[in-house]
**Q** 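One structure follows; several queries about it will come next.
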Amino acid sequence: DAGITQSPRYKITETGRQVTLMCHQTWSHSYMFWYRQDLGHGLRLIYYSAAADITDKGEVPDGYVVSRSKTENFPLTLESATRSQTSVYFCASGRDLSSYEQYFGPGTRLTVT
Amino acid sequence: LAKTTQPISMDSYEGQEVNITCSHNNIATNDYITWYQQFPSQGPRFIIQGYKTKVTNEVASLFIPADRKSSTLSLPRVSLSDTAVYYCLVGGNTDKLIFGTGTRLQVFP
């Protein structure tokens, strides 16, 4: 049982390119989340999803797109990557919003040149 | 969402007890207090959650005074492997998690 996985683990892309980060969880958790982590900012919520086909914005959604056609997958797309989107991206899942007990993936380190 | 304040960093030695205090003066009645741990190059990991008084599990204890305006995460007899960043979060059952910058704990031999 892999739990929650992210791919790729490392990605280098150029400014203006579209990039998709994948997230997959095997727990059938209703909620899934995307965070970015930058030095000096801690983790910031980008988007989250309460169920398939239900998504909502977090603190820093601009420049990102998400979808959730299946409960277990929650891809994050950078439509036109910018250097300011260089970061470590974490996906997480949880049973509900209220439990505060989220399970995080290993992260994807994205560099935009 | 209640704002939290915690020390930026702390140092300790192996075998000592470490107490990390978090201030949350404007905590709401239905807010819970949750702590996460993050090792380098890994995602955060849930440690403990509480509402009032004391909560203990196999990893840590969480002390919450009656006024709930602060909380203290206690790590007994730390080891080198406890070196990590510890986040204190406060919120209610409809809130999204808001992480601050956390407390960086360094444990020395």
Side-chain angles (χ1 to χ4, degrees), chain A residues 2-7 9-10 21 23-25 27 29-50 54-61 66 74 76 87-110, chain B residues 1-9 20 22 24 27-52 55 57-60 62 64 68 71 73 84-105:
Chain A
I4 184 164
T5 57
Q6 294 183 234
S7 62
R9 294 294 314 279
Y10 303 90
L21 309 183
C23 179
H24 176 80
Q25 54 109 351
W27 292 305
H29 285 162
S30 296
Y31 281 83
M32 295 188 75
F33 308 82
W34 274 107
Y35 296 86
R36 60 177 291 174
Q37 186 169 37
D38 307 291
L39 282 174
H41 287 280
L43 284 95
R44 291 182 290 175
L45 181 64
I46 304 171
Y47 269 96
Y48 70 101
S49 168
I54 300 175
T55 62
D56 205 349
K57 296 178 180 180
E59 299 175 74
V60 288
V66 293
F74 191 38
L76 174 74
S87 185
V88 179
Y89 291 85
F90 289 101
C91 177
S93 71
R95 295 181 187 87
D96 50 54
L97 195 61
S98 65
S99 74
Y100 267 61
E101 187 170 352
Q102 294 183 9
Y103 299 86
F104 283 76
T108 294
R109 183 175 295 275
L110 175 68
Chain B
L1 292 174
K3 181 179 178 179
T4 61
T5 302
Q6 51 183 125
I8 294 174
S9 64
I20 305 174
C22 180
H24 28 80
I27 188 170
T29 302
N30 62 345
D31 285 347
Y32 280 78
I33 301 157
T34 308
W35 286 79
Y36 275 75
Q37 174 190 56
Q38 185 178 24
F39 296 114
S41 302
Q42 294 187 25
R45 181 176 75 111
F46 173 90
I47 301 177
I48 198 166
Q49 183 181 72
Y51 183 80
K52 62 180 179 181
V55 179
N57 62 22
E58 65 277 6
V59 177
L62 178 59
I64 305 169
R68 304 200 328 122
S71 59
L73 175 73
V85 178
Y86 293 83
Y87 296 95
C88 166
L89 299 93
V90 173
N93 59 12
T94 60
D95 295 331
K96 301 175 286 293
L97 281 182
I98 302 295
F99 287 82
T101 52
T103 297
R104 186 173 299 276
L105 172 66

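In what follows, every heavy atom counts, from backbone to side chain, and hydrogens, waters and symmetry copies are set aside.
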**Q** What distance do B:Y36 atom OH and A:L43 atom CG have between them, rounded to the nearest 0.5 Å?
**A** 10.5 Å

**Q** At what distance, to the nearest 0.5 angstrom, does CD of A:E101 lie from OH of B:Y32?
**A** 13.0 Å

**Q** Counting heavy atoms not belonging to B:R104, are there more than 12 under 6.0 Å from its CZ?
**A** no

**Q** What distance separates B:F46 CZ from A:F104 CZ, expressed to the nearest 0.5 Å?
**A** 12.0 Å

**Q** What distance separates B:R45 CZ from A:Q102 CD, expressed to the nearest 0.5 Å?
**A** 15.5 Å

**Q** Given that the side chain runs from C-beta out, which part of A:Q37 has a heavy atom under 4.5 Å from chain B: side chain, backbone, both or neither?
**A**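 For A:Q37, the side chain is the part near chain B, not the backbone.
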
